[in-house]
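Read through the structure below, which is laid out as structure tokens, and then see the notes.
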Amino acid sequence: MGPRRREDVHMTRIISQSRDETWQLGERLGTLAVPGTFIALGGDLGAGKTVFAKGVGAGLSVSSVVSSPTFILVALHESGRLPLWHVDAYRLTAGDEIDGLGLEEADDGVVVMEWATRFPNALPNDRLEVVLHERAGAPDVREIELIATGPRHRALVEGVV
């Protein structure tokens, strides 16, 4: 971990008009994902983090059901093109708890961590932060920020937009 240099950070905003579009964005990212991809999800409760994660799973051709792993913390899906580590950090209270999740074994796959943006100092330097914001008065519309914090994930964002 450590501080990011400004030139390493690349941000793009996308407007999703529906749950389907949010899912499709996740699917496109999953299709382009390479081993070591780390997607840190943020946003309020109900913003679409799990919908997005399901899309990533579809893009990786995961055949098992991708659902919120809130009570188990980590769900490993090995049935796709790459292993998908779906993590829910909602119940964690400190970033150092992330170290105990076994994610060091995830280098050969893709990590999608819901509520990860709460612990930025515990995340890899090169990652993709996906922050979903609800639009007032438009229940299905989301403004989605894609923030690449290093070269691997910048290339991933550039392939999507």
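- Within the model, atoms OG1 of T31 and CD of Q24 stand 11.0 Å from one another, a figure rounded to the nearest 0.5 Å.
- No donor-acceptor pair closer than 3.5 Å links the side chain of K49 to the backbone N or O of W115.
- In the hydrophobic clustering of this structure, V157 does not group with M113; members are Ile, Leu, Val, Met, Phe, Trp, Tyr whose side-chain heavy atoms approach within less than 4.5 Å, directly or through other members.
- When every heavy atom of A53 is checked against every heavy atom of V112, the shortest pair comes out as CB-CG1, 3.8 Å.
- For the atom pair R154 CZ and L146 CG, the distance stands at 13.0 Å (nearest 0.5 Å).
- The closest donor-acceptor contact from the side chain of R28 to the backbone of G55 lies at 3.5 Å or more, if one exists at all.
- The salt bridge (charged side-chain N to carboxylate O under 4.0 Å, His left out) analysis of residues 10-24, with sequence neighbours excluded, yields the pairs R13-E143, R13-E145.
- Heavy atoms only, all atoms of each residue included: L84 and G57 are closest at CD2-CA, 3.9 Å.
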Trace of the side-chain contact (heavy atoms from CB on, under 4.5 Å) decision for L60 with H77: CA-CA 10 Å; L60 291 168; H77 302 274; over 6 Å; no

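- When every heavy atom of G109 is checked against every heavy atom of L82, the shortest pair comes out as CA-CB, 4.3 Å.
- Nearest heavy-atom pair, S18 versus S16, reported as atom, atom and distance to 0.1 Å: O-OG, 2.8 Å.
- Without hydrogens or angle criteria, T149 side chain to N125 main chain gives a donor-acceptor distance under 3.5 Å.
- With a 4.5 Å cut-off on side-chain heavy atoms, L123 and I98 count as touching.
- Residues L25 and V131 do not share a hydrophobic cluster, clusters being chains of Ile/Leu/Val/Met/Phe/Trp/Tyr side chains in contact below 4.5 Å.
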Take F38 and D107 through the test side-chain contact (heavy atoms from CB on, under 4.5 Å) and record every step on the way to the result. CA-CA 9 Å; F38 192 104; D107 285 346; over 6 Å; no

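- In this structure, the separation between CD on E105 and CH2 on W85 is 5.0 Å, given to the nearest 0.5 Å.
- R81 places a side-chain N or O within donor-acceptor distance of the main-chain N or O of G30, the cut-off being under 3.5 Å.
- Among all heavy-atom pairs drawn from A40 and R127, the shortest one is CB-CD, 4.4 Å.
- For E134, the salt bridge (Lys or Arg N to Asp or Glu O under 4.0 Å) partners are R142, not counting sequence neighbours.
- Under a 3.5 Å cut-off, the side chain of R135 and the backbone N or O of I15 do not form any donor-acceptor pair.
- To the nearest 0.5 angstrom, D108 atom CG is 8.5 Å from E78 atom CD.
- Two residues are said to be in side-chain contact when any heavy atoms from C-beta on lie closer than 4.5 Å; L128 and T37 fail this criterion.
- Contact check for F52 versus L29: side-chain heavy atoms found under the 4.5 Å cut-off.
- L103 and V130 are not part of a single hydrophobic cluster, where members link through side-chain heavy atoms under 4.5 Å apart.
- The cluster map of Ile, Leu, Val, Met, Phe, Trp and Tyr, joined by side-chain heavy atoms under 4.5 Å apart, puts L132 and V161 in the same cluster.
- Between A89 and F119, the shortest heavy-atom distance links the atoms O-CE1, 4.0 Å.
- Following chains of ILVMFWY side-chain contacts shorter than 4.5 Å, one cannot reach V141 starting from I144, and the two form parts of different hydrophobic clusters.
- Within the 4.5 Å cutoff, the side chain of E114 has heavy atoms near those of the H86 side chain.
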